[in-house]
Amino acid sequence: MEKQALEKLRHALLAWYAAENRRLPWRQSSDPYAIWVSEIMLQQTRVETVIPYYQRFLGRFPQIHTLARADLETVLKLWEGLGYYARARNLHKAAGIVCREHGGRLPEDPEQLRRLPGIGDYIAAALASIAFGRPAAVVDGNVKRVLARLFMEKAAVNDSAAKQRFMRLADEILDRHNPGQFNQAMMELGQRICTPRNPVCPVCPIQAFCRAFQEQSVADFPRRLPSKIPPLRKMVFVLIAREDRFLIIRRPNQGLLGGLWELPGQEFQGRKISPEKMAESVRGLTGLIVTTPKLLGNVRHAYTHFRVSADLYCCRYLEGRIVLAGHTAYQWIHPDESSRYAFHKLIHKMGGMVTECGITKFFINR
DNA sequence: AAACCGGGGCC
DNA sequence: GGCCCAGGTTT
């Protein structure tokens, strides 16, 4: 695109943004820490989903020092239900690093930001531009879609080999005098006007510069590589009741759902597990001898790269001492205490089931 | 480069 | 049921 056209495009986009931008909570703050928290939460997560989490989080941890001093358990509880829990673990860890090694202030340089855990190309550029006014172009899902249509870019947006192409395009059109506003304008355009389906081209401020619009081929962009269908995994979980309490265990801090609490459970192959096999499983998972488990029901849940169908059993404790295999902690809790612990979605879905083992409505949703 | 990592809303 | 979302880390 020619220089003059680029200048007009930038001006039109910034004017639209100045007039139409959403007054989002994190835009009311110029505190780099607050902007950082919002950017981490907004990874792969919609604005509407983030808002209540953001407000609770900033209310509880108003400054980077309060976050750095907090227990990981408290941080995870505030993240419960938001997903991608490594974001919370990395944010907590990075807050500690910033407080210990940078005097509590985030570095302003994108390459230094990039070294902190949980900060990649996108968040480094977002913080450098929005919080510090540095000329770094952000490339997220919205920006890639806008660029693909604007330039009729044939590279697929979900092809990691094409990332550099989109970064170069984003850098080329960036308004280097107002990078923070320009980056946010690109993202908000993608979110509200240049949407994946049914884009609202008639009200687009940069319609005149959009090649796909001129060629009447907006629907053909962005291009995507085909994705695979995630496999289905079968799992069993068990509610072990002991008087008016039941057993929960904590996952290790690394990997899937790291640091979250759940009921004992495991994947299984084949069609179904017999109650006798299930009792053996319980012993392997917990070290406990229990009554013959009864099937309570089934829940399903989809993760990014697989789906789960989970049967929930219930039984009562008979004897034995807890011996965990892989998990890092356990608690016998009363249903009233369930809101103190961060559980993952599959466990929340089971919480509504009524048990026949002495505990009814074992799980109290928030 | 590909796999892994959540959850929700939309069509 | 597939697609998409203010992506980053690990292998």
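Lettering of chains follows the sequences in order, A, B, ..., and the numbering in each one begins at 1.
Here A:T45 lies in heavy-atom contact (under 4.0 Å) with a base. A:E48 comes within contact range of no nucleotide atom at all, as no heavy-atom separation falls under 4.0 Å. Across all strands, A:L24 comes closer than 4.0 Å to base atoms (heavy-atom distances). Looking at heavy-atom distances under 4.0 Å, A:W79 makes no contact with the nucleic acid at all. Residue contacts shown for A:D121 are limited to sugar-phosphate atoms, with no base heavy atom under 4.0 Å away. A:S227 comes within 4.0 angstrom of the backbone, heavy atoms only, and of no base.
Put simply, OH on A:Y84 is 5 Å from C1' on B:dC5, counting in whole angstrom units. As a whole-Å value, the separation of A:R307 CZ from B:dG7 P is 16 Å. The CZ atom of A:F306 sits 10 Å away from the C1' atom of B:dG6 (whole-angstrom rounding). Separating the CG atom of A:L257 from the C1' atom of B:dG7 is a distance of 11 Å, rounded to the nearest angstrom. At whole-Å resolution of the value, CG in A:L82 and C1' in B:dG9 are 14 Å apart. With rounding to whole Å, A:R87 atom CZ is found 9 Å from B:dG6 atom P. One can place CD1 of A:I40 at 15 Å from C1' of B:dG6, the figure rounded to the nearest angstrom. Here the C1' atom of nucleotide B:dG6 and the CG atom of A:L76 are 13 Å apart, to the nearest Å.
At least one donor-acceptor pair closer than 3.5 Å links the side chain of A:R10 to the backbone N or O of A:L174. Judged purely by atom type and a 3.5 angstrom limit, A:S281 has no side-chain atom pairing as donor or acceptor with the backbone of A:A279.
Nucleotides C:dT11 and B:dG6 place their P atoms 15 Å apart, quoted to the nearest Å. Comparing the same atom, C1', in C:dG8 and in B:dG9 gives a spacing of 23 Å after rounding to whole Å. Spacing between C:dA6 and B:dC11 at atom P, rounded to whole Å, works out to 15 Å. The same atom, C1', is picked in C:dC5 and in B:dA1; the two are 23 Å apart, to the nearest Å.
Contact footprint of chain A on DNA chain C: nucleotides with an atom under 4.0 Å from a non-hydrogen protein atom, first to last in 5' to 3' order, C:dG1 to C:dT9.
The line from NZ of A:K345 to CG of A:L257 is 12.5 Å long, rounded to the nearest 0.5 Å.
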Taking only N/O atoms, report every protein-nucleotides 1-4 of chain B pair under 3.5 Å with atom names and distance.
residue : atom : partner : partner atom : Å
B:dA3   : OP1  : A:K228  : NZ           : 3.3

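With A:E188 as the fixed residue, the salt bridge (Lys or Arg N to Asp or Glu O under 4.0 Å) test singles out one of A:R22, A:R23, A:R27: A:R27.
For the pair A:R211 and A:F151, the cation does not sit on the ring face, since its NZ or CZ is not both under 6.0 Å from the ring centre and inside 45° of the axis. Taking the ring axis of A:W332 as reference, the NZ or CZ atom of A:R242 stays within 45° of it and closer than 6.0 Å to the ring centre. A cation-pi arrangement is present between A:R56 and A:Y53, with the terminal nitrogen or guanidinium carbon under 6.0 Å from the aromatic centre and inside a 45° cone about the axis.
The environment of CD in A:Q28 is crowded: more than 12 heavy-atom neighbours from other residues, nucleotides or ligands sit within 6.0 Å.
No continuous path of ILVMFWY side-chain contacts below 4.5 Å connects A:I289 to A:L247, so the two sit in separate hydrophobic clusters. Cluster annotation: A:F268 and A:I240 are assigned to the same hydrophobic cluster (Ile/Leu/Val/Met/Phe/Trp/Tyr, side-chain heavy-atom contacts under 4.5 Å, transitive).
Nearest-nucleotide assignment on DNA chain C puts the 5′-proximal partner with A:R145, out of A:L116 and A:R145.
The side chain of A:H344 contributes no N or O atom lying less than 4.0 Å from OP1 or OP2 of B:dG6.
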